[in-house]
Amino acid sequence: MEPGGNRRPRRGPGRRLPRRPPRVQRGHPRRDAAARGRTAGPLRRRRRAPRPARPHSGPSHPTPRRYRRPRHEGRPLMETAEIASRFLSFFEKNGHTVAPSASLVADDPTLLFVAAGMVPFKPYFLGERTAPYDRAASVQKCIRTIDIEEVGKTSRHATFFQMLGNFSFGDYFKERAIPLAWELLTSPVAQGGYGVDPERLWVTVYLDDDEAETIWREKVGVPAERIQRFGVEENYWSMGVPGPCGPCSEIFYDRGPEYGAEGGPAADEDRYVEVWNLVFMQYERGEGGAKKDFPILGDLPRKNIDTGMGLERLATLLQGVDNIYETDTLGRILRDASERTGVAYGDDERSDVMLRVVADHVRSATMLVSDGVRPGNEKAGYVLRRVLRRSIRNLRLLSGTDASYLHGLTETTIGAMQGIYPELRHDADRIHEVIETEEKNFSDTLRSGTALFGRAAERTRSTGADRISGADAFQLHDTYGFPIDLTLEMAAEQGLGVDEDTFRTLMAEQRETAKRDAKAKKLGNADVSVYGRLLESAGSTDFLGYTDHGTESRVLGLVVGGESVGAASAGDQVELVLDRTPFYAESGGQLADKGTVSAPGRGTVDVEDVQKPVPGLFVHRGTVREGTIALDDRIEAVIDSDRRASVSRSHSATHLIHSALRNALGPSTGQAGSENQPGRLRFDFTASNPLATSELSEIEDEVNTVLSGDIQVRDFTTSMDEALSMGALAMFGEKYGDRVRVVEMSDYSRELCGGTHVAATGQLGVVKLLGESSVGSGVRRVEAAVGIDAFRRLSRESLLVGQLSEQLKTPREELPERIDSLVSRLRGAEKEIERMRAAQVLQAAGEVAQNARRHGSALLATHRAPDGTTADDLRRLAADVRQRLGDDDPVVVAVAAVPEDRPVVVVAVNKQGQAGGLKAGDLVGLAARALGGGGGGKPDLAQGGGTDASAVDSALSAVEQRVAQTS
RNA sequence: GGGGCCAUAGCUCAGCUGGCAGAGCGCCGGUUUUGCAUACCGGAGGUCAGGGGUUCGACUCCCCUUGGCUCCA
């Protein structure tokens, strides 16, 4: 850490750095170091020496804000949106289906986010699902946070990026993928290509992939000297599990001699930058220990193509700028951050890094929120929180103030990105709200953290140390979320250091325990592969439950204790996979059906739960009630129809409540989860404030009015686009482009939904909201009873009110006022009693004081108050008597009583008494021991007690003895 | 998934090794009559999140539940 803190990096004359000269004139430009990334070390060590102070440039001359525009003057700049649309139309022209970007939140439970362009297509490559097309192309949003610390320090690390990719599912292979990529890159701009100079392109192929090399040389015409061979590390792809694998071929761009040595990608990674990676899924790989050491089982029956080209990186090259942060989109955000904070870009490496971090993080946060992620303490929400808080922190460092720039920057980000993602504009209000709420939460954290820091600093100084301990710094970070860089900075401001080594050790320890734990958890996860294999052998389960409550079917899979078995017998916990099923598997908040699966004459299974551990596979969990059940058995599957009907009522009610909520709170209210049980439902939604009671009853009223209209409930299947254009509500993470099921209740409610519903809303009977509560920050929950359960509840409550009315002899409508008045009268009466009792106790004070006896110089007053006198009263009495006896002589007052069944004793001693060695605590301890207990307090007033109520008098005389001895 | 912390007046929070539940702001009343939070005096306001335990005695110690904050994965 540098002395003096770094709160205002650009302030202070010594820090001002000269603007960089244009890059071509630089012998060994600083940016090259940045481009070299991780190998270059922390940036601040590469800072140049400051230039002498600039000549005085006149009064009231504002600091010029400089931002280096991309170096493209004189030729048209191809904007990122244009690069993306060219990519898609090129492949569309070549027979590809354009697939819209999937949500950043991965459909795959093993992944936190979509981190590569091929993720949405993974099921097709793995053969889990049949692709609806042979060829596809996409621009895919991606989030990757592993390198979050590198962001801004290198030319290409970002937490959010977009991948251009074309995919072939058993259709074309190398012979077509290679020329297509080349054609798009090199064909002239006027003809829809990117117009890259072919002379600047190099390619690499895998060690033994002669086939690819031949295509490059003969079909494309790349000279042999610009083709290089790379090994497993760079040019071989596999997923680390059995499945497809194969060689890759990459296209590199030569940025020119000023960036490094000649000799192709093998020689210099900074000069030759990777542009496009073509993956040829050619072989089937087997089980293997190490990641690069596995057996090849043979050729894949259907070979696939998966390619990926980083949109930001391509834009960097096509726009002739130095790094991804200076391209049109990120550059716009960066420039905005620079203007808002008043910190010029290009002046100082450290503030440049911060500006880049802000640009990247604000963009990531905006995109994440748009895809439905909310800041939280785990998983996706935590990643979002981290990037948001890092941006706020960096903005504060840059501007040197606590001012908020996030709203404006988010707005700029939406403007910069809406060309590719028009939904951002539509979601703008919600995005702003989420981000600003988090900003406020972070401020609260910082405020309380600052107070805690102050205490830690005080503690440090009081022990004479000059460094805040690592444990304190870690506690601030771990428990209170107070960032370590802030601790360092504030410590420096107070002339203190921080024990960073210990801090790091503690951090490493925490990481270790979390990892160990995650590993232990893996054991439970391992059996997911069982279901993968089942899906492979059995195929997707046919779901008949929308229309049928029972069907004949066949047992295709049987799992006991996580292992596939051939048969199970009575008492076994089993998991069944059927050919087809009427059982609804828990999803979309709707609980699973229950029922039975029986093989006539052989055995019966009670089905308790149904889940889809992998998409498409229904797993029926239950217990074999009698007989046996075996693979290939012909069975009868029947669901519990009453339960189903009840759950369906809840689900339909959920849709009505959803609509009513949106009508009441506005369209930014989104569903955040739900659970439909028989007769009861729970609906979570986004809202920053609690619902007023009046709003709740309005919503309830609206729902019941609508349902009594007995609207037909209709469902149909359509395309996602069609559904959205009809205004159907979709949860986040819904797969775009797929066929979707829509459930509609005339124009009142229309939602994408896979669940089961009633035929008409009249079947719901009545919906009763039971209450509203908070689930977490920004998310609230309503619960409701539906149908007969709702009726019974209302009926019970009505009965209860009747009972109250009778007991209080008050008409029902007047109950609230009646209770109010009863409560306040009761309180008044209690206070009066308290007051009177205290007065009564104190009445004795005069007499007690008069009866004080003298022991030597000391005055001792003892008194046994009547039973029922409380400890509070005894204290008042003792203090009162002590005061009456004055300060002239040493005074001891000992009073005792039995408030309930156990005796209490209080001793008061005045100043002189204490000076003479009479301590209330000691005396009371003496008395309390006589009572069979203990006691304590302060030297002037102490209290004790015991269990033996008959010993009160001897307790008081024990005090008297001691006083007599001492005085 | 695994840790850490917190819950006290309407709000923000103090409350030490268990012994009388507090401050600031806000609110109400009075005096003052005002240059951007006017000053002064007085007052009301508490199931110390809920439940159990230890103890003569629990806001304080232990356990459970609920809610919130936070870190790591």
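Throughout, protein chains are lettered first and strands after them, A, B, ... in sequence-line order, and every chain is numbered starting at 1. Every heavy atom of this structure was used, including side-chain atoms; hydrogens, water molecules and symmetry mates were not.
- Residue contacts for A:Gly481: at a heavy-atom cut-off of 4.0 Å it reaches the sugar-phosphate backbone alone, with no base atom in range.
- Between A:Gly936 and A:Gly946, the one whose closest nucleotide on RNA chain B sits nearer the 5' end is A:Gly936.
- When rounded to the nearest whole Å, the span between CD of A:Gln883 and P of B:C20 equals 19 Å.
- When distances run from any side-chain atom of A:Arg447 to the nucleotides B:G57, B:U12, B:U70, the shortest one goes to B:U12.
- Annotation: B:A39 and B:G46 have their C1' atoms spaced 30 Å apart (nearest Å).
- For B:C13, neither phosphate oxygen OP1 nor OP2 lies less than 4.0 angstrom from any side-chain nitrogen or oxygen of A:Ser448.
- When rounded to the nearest whole Å, the span between CZ of A:Arg455 and P of B:C13 equals 10 Å.
- Closest to the A:Gln943 side chain, of the nucleotides B:G19, B:G4, B:A73, is B:G19.
- Paired runs in RNA chain B that reach 3 or more consecutive Watson-Crick or G-U pairs, where each pair keeps both distances under 3.5 Å, cover B:1-7 with B:66-72, B:10-13 with B:22-25, B:27-31 with B:39-43, B:49-53 with B:61-65.
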(request) Walk me through it: do A:Glu438 and A:Arg389 pass the test salt bridge (Lys or Arg N to Asp or Glu O under 4.0 Å)? (result) CA-CA 8 Å; A:Glu438 178 62 10; A:Arg389 293 191 170 189; 2.8 Å; yes
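- Spacing between B:A73 and B:C16 at atom C1', rounded to whole Å, works out to 38 Å.
- When the nucleotides B:C5, B:C69, B:A14 are ranked by their closest atom to the side chain of A:Thr445, B:C69 comes out on top.
- For the C1' atoms, the distance linking B:A37 with B:G26 amounts to 12 Å, nearest Å.
- To the nearest angstrom, C1' of B:A73 lies 13 Å from CZ of A:Phe113.
- The distance from atom CG of A:Leu452 to atom P of B:C71 is 14 Å, rounded to the nearest whole Å.
- With B:G3, B:A73, B:G19 as the choices, the nucleotide that has an atom nearest any side-chain atom of A:Lys379 turns out to be B:A73.
- Under the 4.5 Å side-chain criterion, counting only non-hydrogen atoms from C-beta, A:Leu661 is in contact with A:Phe683.
- Checked against B:A14, B:G3, B:G19, the side chain of A:Asp478 finds its nearest nucleotide in B:G3.
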(message) Pair A:Arg621, A:Glu575 - check salt bridge (Lys or Arg N to Asp or Glu O under 4.0 Å), show working.
(response) CA-CA 5 Å; A:Arg621 296 187 172 142; A:Glu575 298 181 324; 2.6 Å; yes
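- B:C5 atom C1' lies 12 Å from atom CZ of A:Phe474, rounded to whole Å.
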(message) Please determine whether salt bridge (Lys or Arg N to Asp or Glu O under 4.0 Å) holds for the pair A:Glu797 and A:Lys768, giving the CA-CA distance in whole Å, both sets of side-chain angles, and the decisive distance to 0.1 Å.
(response) CA-CA 12 Å; A:Glu797 281 184 1; A:Lys768 173 69 195 152; 5.8 Å; no
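- Between the side chain of A:Arg962 and the backbone N or O of A:Leu918, no donor-acceptor pair lies under 3.5 Å.
- Straight-line distance between the P atoms of B:G42 and B:A49: roughly 30 Å, to the nearest whole Å.
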If you look only at distance, which donor and acceptor atoms sit under 3.5 Å apart when one is on a side chain in residues 470-480 of chain A and the other is two or more places apart or in another chain?
residue	atom	partner	partner atom	Å
A:Asp472	OD1	A:Arg459	NH2	3.2
A:Asp472	OD2	A:Arg459	NH2	3.2
A:Asp478	OD1	A:Gln510	NE2	3.1

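- Atom NZ in A:Lys440 sits 9.5 Å away from atom OG1 in A:Thr445 (nearest 0.5 Å).
- Residue A:Arg511 places no side-chain N or O under 4.0 Å from the OP1 or OP2 atom of B:G3.
- With P as the reference atom, B:G29 and B:G45 are 16 Å apart, rounded to whole Å.
- Where A:Met507 and A:Asp940 meet RNA chain B, the nucleotide closest to each residue was compared, and A:Asp940 sits on the side nearer the 5' end.
- Tested against A:Asp880, the residues A:Gln883, A:Arg884, A:Arg876 include a single side chain to side chain donor-acceptor pair (under 3.5 Å) partner, A:Arg884.
- Once rounded to the nearest 0.5 Å, the distance linking CE of A:Met367 with CD1 of A:Ile143 reads 8.5 Å.
- Remark: P of B:A73 and CD of A:Gln510 are 8 Å apart, rounded to the nearest angstrom.
- Within the 4.0 angstrom heavy-atom criterion, no nucleotide atom of any strand lies near A:Arg929.
- Comparing B:C56, B:C20, B:G3 against the side chain of A:Leu941 picks out B:C20 as the nearest.
- Spacing between B:A9 and B:C48 at atom C1', rounded to whole Å, works out to 10 Å.
- Spacing between B:C62 and B:G1 at atom C1', rounded to whole Å, works out to 27 Å.
- Remark: the separation of the P atoms in B:U55 and B:C71 is 41 Å, to the nearest Å.
- Rounded to an integer number of Å, the gap from CZ of A:Phe482 to P of B:U70 is 14 Å.
- Atoms NZ (A:Lys919) and P (B:G19) sit 19 Å apart, rounded to a whole Å.
- Identified under the side chain to side chain donor-acceptor pair (under 3.5 Å) test for residues 916-930 of chain A, with sequence neighbours left out: none.
- Phosphate contact (OP1/OP2 of B:G57, side-chain N/O of A:Arg902, threshold under 4.0 Å): present.
- Between A:Arg389 and B:U70 there is a side-chain polar atom (N or O) within less than 4.0 angstrom of OP1 or OP2.
- Here the nucleotide nearest the side chain of A:Thr947, chosen from B:C5, B:C56, B:C71, is B:C56.
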